[in-house]
Amino acid sequence: MKHVGVTRQSAADYTAITTATIDKLRGLFPGIGCQPILAYGSKESFGDSDILIESTQLPPDWIEQVKAAFAPQDLIVNGDVVSFDFRSMQIDLITTPAEEMAFAASYYAFNDLGNLMGRIAHKMGLKYGHDGLWKLLRDNDQVFADILISRDVAKTFALLGYDHARYLQGFDTLEDVFEFAASTPYFHRQIYLLDNRNAASRVRDAKRPSYTAFLSWIADKPELDRYSWSAWDGGKKSVERDAERADWEQRIFSAIFPEARPQYLAAINEHETHKRAKVVWNGAIVGAQTGYQGRELGEFMAACRASFLDAPHDAALSFEQWVLTLAAGDISAHIGAYQNSWR
C-alpha cells in the first residue's frame, strides 16, 4: 500500500501503532478475539502489522465500521485479509474462525517458523497450516478427502518433534528461531534446499528473505542432519517415500491421534464405495444404453441419479451404496424407465 504513503516502522512505533489498532478493534467489537502475530524480540523494524481477528461473531457491516473508525486512505479486501493504512503503517487483519485462532497464532508467529516446521510435516505426508494439521488422502495423485487431524498446538508440536514449552518462552533473535526450527529429531537440511522443492514452493520460498537466510544458516552445519528421510526430490512419488508415509499414517491414526481415526476410516470407506459404484454406474455404461454423449449424457446422468433417489430405498444409504445393492439388470431397467420419461 505504498501508494498511500505507508512506510516501514521502528519496533517502538510498530508496538504503539499495533496496540492502538487492537484497542480500537476491541472497542468496536467487544468480546471478539484480537491479537498481534508474535515476532522475535530484537526485530528492529516492521513493514506491516499482522493482526488476527476472530471472524465467527463479526457483524455483517464490520468492514464499514473499520473504515469509519480508522478513516484509512485505502482499504483492500483480499480473501481472508483486510488491509488498510493507519498512522503511516499497513495493517493486515487476518480474519480467522474462533476454533482456529490458537493454531493460527502459533503458525504465523516468528517469521517463517511455521513454514519451516511445515517441511517436517510434509515429509510425514501431512499438511501443517494456519487452520490445523491435516492429512490429504490420495488415490494415486487425486485427493479424495481432507482429514483434520488436530488443532491442538502442543500435541502437533510433539508429533513434529518440537518442544512446545520452549516455544512458549519466545525468541529474541532470528537465529534463535532458526535453532528452534532445526531442533526436531526429524531434521535434515536436504528437505529445505530449493532444488529439492517442487516448482511452486521453490519460486515462493526463494522470494522469502527469512527462508533464504535459514538456508544460509544451515549450509555449514552437517551436525543438524539427524533423520534420514527416504527421498529429497520435491515430493515426487517413489516406493520408498510412499511406504514411509504409509507408516506415518498408520502411527498417527492408530496411536498418536486416535480421535481422528473414525473420520479417517469413514473417508476411506466412502472412497472405496465410490470406486466400486463407478464400475456399475458410469458414463460408458449409461451412454451405451441411451446413446447420449457429452453434455447430454452428463445432464441425463445427473437427472437419473436424482430420480433414483426418489425411488423406494433405504434412506440411510448414499447413492453409491444403493447402486451397489442392485443387480445389473435392475440398473439397466431404471435407466430405461427414466429415459422414457426424461424431457
Side-chain angles (χ1 to χ4, degrees), residues 1-116 129-132 151 153 167-168 170-174 176-177 204-205 207-213:
M1 302 187 75
K2 293 181 180 179
H3 63 288
V4 295
V6 298
T7 59
R8 195 168 187 87
Q9 301 289 331
S10 68
D13 288 340
Y14 158 80
T15 299
I17 294 169
T18 299
T19 299
T21 301
I22 290 176
D23 287 345
K24 275 181 174 287
L25 291 170
R26 288 174 175 165
L28 286 174
F29 313 115
I32 289 179
C34 185
Q35 63 188 89
I37 301 298
L38 295 178
Y40 60 90
S42 65
K43 189 170 183 178
E44 295 181 349
S45 63
F46 294 77
D48 54 29
S49 175
D50 295 326
I51 298 172
L52 286 181
I53 184 167
E54 183 183 321
S55 61
T56 310
Q57 299 297 325
L58 283 173
D61 67 340
W62 77 275
I63 292 178
E64 294 304 316
Q65 292 190 46
V66 167
K67 284 183 179 179
F70 289 90
Q73 297 180 66
D74 197 7
L75 183 147
I76 299 171
V77 179
N78 183 14
D80 295 332
V81 181
V82 176
S83 302
F84 58 91
D85 58 288
F86 178 57
R87 296 187 185 176
S88 299
M89 188 170 200
Q90 178 173 324
I91 308 298
D92 292 330
L93 301 183
I94 305 171
T95 58
T96 305
E99 65 274 14
E100 298 174 13
M101 284 286 285
F103 208 95
S106 171
Y107 179 80
Y108 287 130
F110 304 117
N111 285 61
D112 251 356
L113 179 58
N115 185 26
L116 297 174
H130 66 276
D131 56 351
R151 289 194 177 114
V153 176
Y167 167 86
L168 291 177
F171 307 100
D172 186 52
T173 67
L174 188 58
D176 291 339
V177 176
R204 181 197 66 210
D205 287 336
K207 298 177 181 178
R208 300 182 67 89
S210 58
Y211 192 93
T212 55

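Residue numbers count from 1 along this sequence. Predicted model, so just to flag it, every value in this text is computed and none were measured. The analysis underlying the following values was restricted to heavy atoms, covering all of them including side chains, and did not include hydrogens, waters or symmetry mates.
Side chain of R151 to backbone of D131: a donor-acceptor contact under 3.5 angstrom is found. Remark: side-chain polar atoms of R26 are not paired, donor with acceptor, to backbone N or O of G31 under 3.5 angstrom. Checked by atom type and distance alone, the side chain of T56 pairs as donor or acceptor with a backbone atom of A98 at under 3.5 Å. No side-chain donor-acceptor contact under 3.5 Å links Q35 to the backbone of L52. Under a 3.5 Å cut-off, the side chain of D112 and the backbone N or O of S210 do not form any donor-acceptor pair.
Listed here is the closest heavy atom pair of H3 and D74: NE2-OD2, 2.8 Å. Across Y167 and A109, no two heavy atoms sit closer than the pair OH-CB, 3.5 Å. The heavy-atom pair separating A102 from V153 by the smallest distance is O-CG2, 3.9 Å.
Counting heavy atoms from C-beta outward, N115 and D205 have side chains that approach closer than 4.5 Å. Within the 4.5 Å cutoff, the side chain of I94 has no heavy atoms near those of the I51 side chain. Counting heavy atoms from C-beta on, the side chains of I63 and L58 never come closer than 4.5 Å. Side-chain atoms of S49 and Q90, non-hydrogen and from C-beta on, never get closer than 4.5 Å to each other.
Enclosure of atom CG in N78 is not indicated, since only 12 or fewer non-hydrogen atoms of other residues, nucleotides or ligands lie within 6.0 angstrom. Heavy atoms of other residues, nucleotides or ligands lying less than 6.0 angstrom from CD of Q57 number 12 at most.
Each of L38, D176, N111 was scored for a side chain to side chain contact (heavy atoms under 4.5 Å, CB included) with F171, with one residue passing: D176.
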- Message: Quick one, D172 with S42, criterion side-chain hydrogen bond (donor to acceptor under 3.5 Å, both in side chains). Give me CA distance, side-chain angles, the key distance, then yes/no.
- Response: CA-CA 5 Å; D172 186 52; S42 65; 4.6 Å; no
- Task: Output, in order, the C-alpha distance, side-chain angles, deciding distance and verdict of side-chain contact (heavy atoms from CB on, under 4.5 Å) for I76 and V81.
- Result: CA-CA 8 Å; I76 299 171; V81 181; over 6 Å; no
- Message: Is there a side-chain contact (heavy atoms from CB on, under 4.5 Å) between D80 and T96? Walk through the geometry before answering.
- Response: CA-CA 8 Å; D80 295 332; T96 305; over 6 Å; no
- Message: Applying side-chain contact (heavy atoms from CB on, under 4.5 Å) to I32 and L25, what does each step give before you reach the verdict?
- Response: CA-CA 9 Å; I32 289 179; L25 291 170; over 6 Å; no
- Task: Report the C-alpha distance between L75 and V82 in whole Å, list the side-chain angles of each, state the deciding distance to 0.1 Å, and finish with yes or no for side-chain contact (heavy atoms from CB on, under 4.5 Å).
- Result: CA-CA 7 Å; L75 183 147; V82 176; 3.8 Å; yes
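Here the straight-line distance linking atom CZ of F29 with atom OG of S55 works out to 12.0 Å at 0.5 Å rounding. Remark: R8 CZ to K2 NZ distance equals 10.0 Å, nearest 0.5 Å. Rounding to the nearest 0.5 Å gives a distance of 13.5 Å between NZ of K24 and OG1 of T19. Considering OG1 of T212 and NZ of K207, their distance stands at 13.0 Å, rounded to 0.5 Å. Here the straight-line distance linking atom CE of M89 with atom CG of D48 works out to 6.0 Å at 0.5 Å rounding. Atom CD1 of I91 is separated from atom CD1 of I22 by 9.0 Å, given to the nearest 0.5 angstrom.
Applying the ring-ring contact (aromatic ring centres under 6.0 Å, His included) test to pairs two or more places apart or on separate chains, those with a residue in residues 57-101 are F70-F84, F70-F86.
With no hydrogens or angles considered, a side-chain donor-acceptor pair links Q9 and T7 at under 3.5 Å.
The aromatic ring centroids of H130 and Y108 lie less than 6.0 Å from each other.
Below 30°, between 30° and 60°, or above 60°: for Y14 and F46 the angle between ring planes is below 30°, a parallel geometry.
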